[in-house]
Amino acid sequence: DGRIDILTDARHGWRNNSWQTDVLCLSGQTNRVIRLATGTASKDDPVAQHHEKIGTMKIYDSLRDVMIRRHCHDNNASITKYICENHPDVCNQLENWHRLKSQEKLLTNIARGTNKNHGMTWHRELEDKVCSLRLHALYAVRNWNCDAELLWELLLIPVTHYQNDHSKCLAASRCRSSLYYERSKIVIGAPKAIELLEIALKSSNLHRNADLYWHNMSTATVKSFNNCLNVFQNKLISLNDDSYMVRLQLTVLHWKENVNREGVQVTSSKGKKKNLVSPSYHYKTMLWHQYLYEITK
């Protein structure tokens with residue numbers, strides 16, 4: 001339909017009250033760099049936490065002639081508010097990795113604690129289920145088919161599953177499809193443990209704000225770009241604005257040349273893994289030729 005999906009995230013150029021912050025916008029279809037906006041303390045705002053919104057506003061200003069379908073970002077409230085108020089036609093989406101990590105933290109709080117709070121804020125019958133619940137939440141996010149009722153149903157399956165009641169489990173699950181299924185987790189029998197688990201699952205952001213995860217989007221490629229930028233611009237080194245912009249542009253050239261390069265699939269004892277071929281650096285030759293042309297013309 002001519003519309004594009006965009007992925008954005010901010011990266012501070014310094015670890016403490018950064019002087020520069022770059023906001024990257026990648027294409028959700030091709031992983032190519034669409035825009036790279038920079039917020040600086042000298043020109044935009046002295047508060048580094050405001051730079052992501054400033055950079056996002058610059059990106060939307062430069063894309064005013066482009067139709068945007070979905071915008072995926074980290075859970076930044078100022079970005080969500082800006083999109084809802086100024087671009088209501090854009091589908092605002094939160095990336096799911098941080099939500100799963102926050103849910104894991106929420107579940108950890110009910111699985112561990114001090115002895116005096118046992119049976120009140122946490123329970124020992126839940127201590128071996130945190131990782132499994134996170135994996136189950138990941139499965140639910142990937143298979144809910146934009147149906148909020150189905151997502152809520154999938155997220156609450158462990159409440160009955162860990163009570164050794166598999167009537168609500170999926171037909172393809174091992175607990176229902178395999179005759180040789182043996183449970184590996186502690187069976188939940190205490191009413192307080194059941195209550196704590198159900199409350200934790202219902203209070204998770206996935207359960208309360210299902211519409212923000214309709215399309216199961218992720219900003220992993222943006223994180224990969226930021227890791228690449230760490231090679232060109234170390235966060236332990238403070239740079240002036242001009243030097244910072246030069247290193248940003250070098251990273252863009254490197255990313256553009258290597259982002260979709262081929263990989264070789266290798267099978268090991270840990271499963272299948274894709275090993276990328278070595279990156280190329282043709283842009284260095286291009287820059288050198290351009291420099292020679294400029295000084296000799």
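This chain uses plain numbering: 1 for the first residue, then up along the sequence.
- Heavy-atom minimum distance, Ser167 versus Asp165: OG-OD1, 2.9 Å.
- Panel note: side chain Asn240, backbone Ser243; a donor-acceptor pair is recorded below 3.5 Å.
- With hydrogens and angles ignored, the 3.5 Å screen pairs no side-chain donor or acceptor of Lys235 with any backbone N or O of Asn230.
- Annotation: side chain of Arg134 is not in contact with side chain of Leu107 (no heavy-atom distance under 4.5 Å).
- Listed here is the closest heavy atom pair of Gly13 and Ser18: N-OG, 3.0 Å.
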Between Leu94 and Thr80, does the side-chain contact (heavy atoms from CB on, under 4.5 Å) criterion hold? Intermediate values first, please. CA-CA 9 Å; Leu94 302 183; Thr80 298; 4.2 Å; yes
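- Using cut-offs of 30° and 60° for the angle between ring planes, the His118 and His123 rings count as tilted.
- No donor-acceptor pair under 3.5 Å is formed between the side chain of Gln233 and the backbone N or O of Tyr244.
- There is a side-chain donor-acceptor pair under 3.5 Å between His166 and Asn164.
- Within the 4.5 Å cutoff, side-chain heavy atoms of Ile68 are placed close to those of Tyr60.
- Minimum interatomic distance between Asp45 and Val47 (heavy atoms only, all atoms of both residues): OD1-N, 2.8 Å.
- Closest approach of Cys25 and Leu63 over heavy atoms only: SG-CD1, 4.4 Å.
- To the nearest 0.5 Å, atoms CG (Leu24) and CG (Leu248) are separated by 9.5 Å.
- At least one side-chain heavy atom of Ile188 sits less than 4.5 Å from a side-chain heavy atom of Leu126.
- Connection of Val66 to Met57 is established within a shared hydrophobic cluster, with ILVMFWY side chains joined at heavy-atom distances below 4.5 Å, either directly or through further cluster members.
- Inspection of the Thr21 and His51 side chains reveals an N or O donor paired with an N or O acceptor under 3.5 Å.
- If you chain together hydrophobic residues whose side chains sit under 4.5 Å apart, Val259 and Leu36 fall into the same group.
- Arg32 places a side-chain heavy atom less than 4.5 Å from the side chain of Lys256.
- A salt bridge is defined here as a Lys NZ or Arg NE, NH1 or NH2 lying under 4.0 Å from an Asp or Glu carboxylate O, and Arg35 with Asp61 fails to meet this definition.
- A tilted orientation is assigned to the rings of His254 and Tyr281, their planes being inclined by 30° to 60°.
- The pair Lys58-Asp44 counts as a salt bridge, with a side-chain nitrogen and a carboxylate oxygen less than 4.0 angstrom apart.
- Shortest non-hydrogen contact noted between Gly55 and Ala37 is O-CB, 3.4 Å.
- Residues Tyr162 and Leu201 are members of one and the same hydrophobic cluster, defined by side-chain heavy-atom contacts under 4.5 angstrom among Ile, Leu, Val, Met, Phe, Trp and Tyr.
- Between Tyr139 and Leu170, the closest side-chain pair of non-hydrogen atoms falls below 4.5 Å.
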Under the side-chain contact (heavy atoms from CB on, under 4.5 Å) rule, what do Val252 and Phe225 come out as? Steps first, then yes or no, please. CA-CA 9 Å; Val252 172; Phe225 179 93; 4.1 Å; yes
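- With hydrogens and angles disregarded, no donor-acceptor distance shorter than 3.5 Å links the side chain of Arg112 to the backbone of Glu127.
- Summarising the geometry, atom OG1 belonging to Thr38 is positioned 11.0 Å from atom CZ belonging to Arg11; distances are rounded to the nearest 0.5 Å.
- Taking every heavy atom of both residues into account, Cys72 and Ser218 meet most closely at SG-N, 4.1 Å.
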Take His215 and Cys91, measure what side-chain contact (heavy atoms from CB on, under 4.5 Å) needs, and give me the verdict at the end. CA-CA 10 Å; His215 303 284; Cys91 179; 4.0 Å; yes
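- Using a distance-only test at 3.5 Å, with no hydrogens or angles considered, a donor-acceptor pair links the side chain of Arg176 to the main chain of Cys169.
- Atoms OG and CG, on Ser203 and Leu106 in that order, are 4.5 Å from each other to the nearest 0.5 Å.
- A donor-acceptor distance shorter than 3.5 angstrom exists from the side chain of Lys129 to the backbone of Ile186, with no hydrogens or angles considered.
- For Asn260 (side chain) and Thr30 (main-chain N/O), a donor-acceptor pair under 3.5 Å exists by modelled atom type.
- No donor-acceptor distance shorter than 3.5 angstrom exists from the side chain of Trp122 to the backbone of Thr108, with no hydrogens or angles considered.
- In this structure, NZ in Lys168 is found 9.5 Å from CD1 in Ile157, a value given to the nearest 0.5 Å.
- Without hydrogens or angle criteria, Glu125 side chain to Ala190 main chain gives a donor-acceptor distance under 3.5 Å.
- Following chains of ILVMFWY side-chain contacts shorter than 4.5 Å, one can reach Trp255 starting from Leu229, so the two form part of one hydrophobic cluster.
- Residue Gln163 places its CD atom among more than 12 non-hydrogen atoms of other residues, nucleotides or ligands, all under 6.0 Å distant.
- The shortest side-chain heavy-atom distance between Lys192 and Glu195 falls under the 4.5 Å cut-off.
- Between the side chain of Asp74 and the backbone N or O of Asn76 there is no donor-acceptor pair closer than 3.5 Å.
- Residues Val23 and Ile4 fall within the same hydrophobic cluster, defined by Ile, Leu, Val, Met, Phe, Trp and Tyr side chains chained together at heavy-atom separations under 4.5 Å.
- Other residues, nucleotides and ligands contribute more than 12 heavy atoms inside 6.0 Å of the CD atom of Gln29.
- The CD1 atom of Ile110 sits 7.5 Å away from the CG atom of Leu133 when rounded to the nearest 0.5 Å.
- Looking at heavy atoms from C-beta onward, Ile34 lies out of side-chain contact with Ile59 at the 4.5 angstrom threshold.
- Side-chain contact check for Asn92 and His73: at least one donor-acceptor pair (N or O, by modelled atom type) lies under 3.5 Å.
- Note that CD of Glu95 is 8.5 Å distant from OH of Tyr213, once rounded to the nearest 0.5 Å.
- Taking the six-membered ring where the residue is Trp, the centroids of Tyr82 and His71 are separated by 6.0 Å or more.
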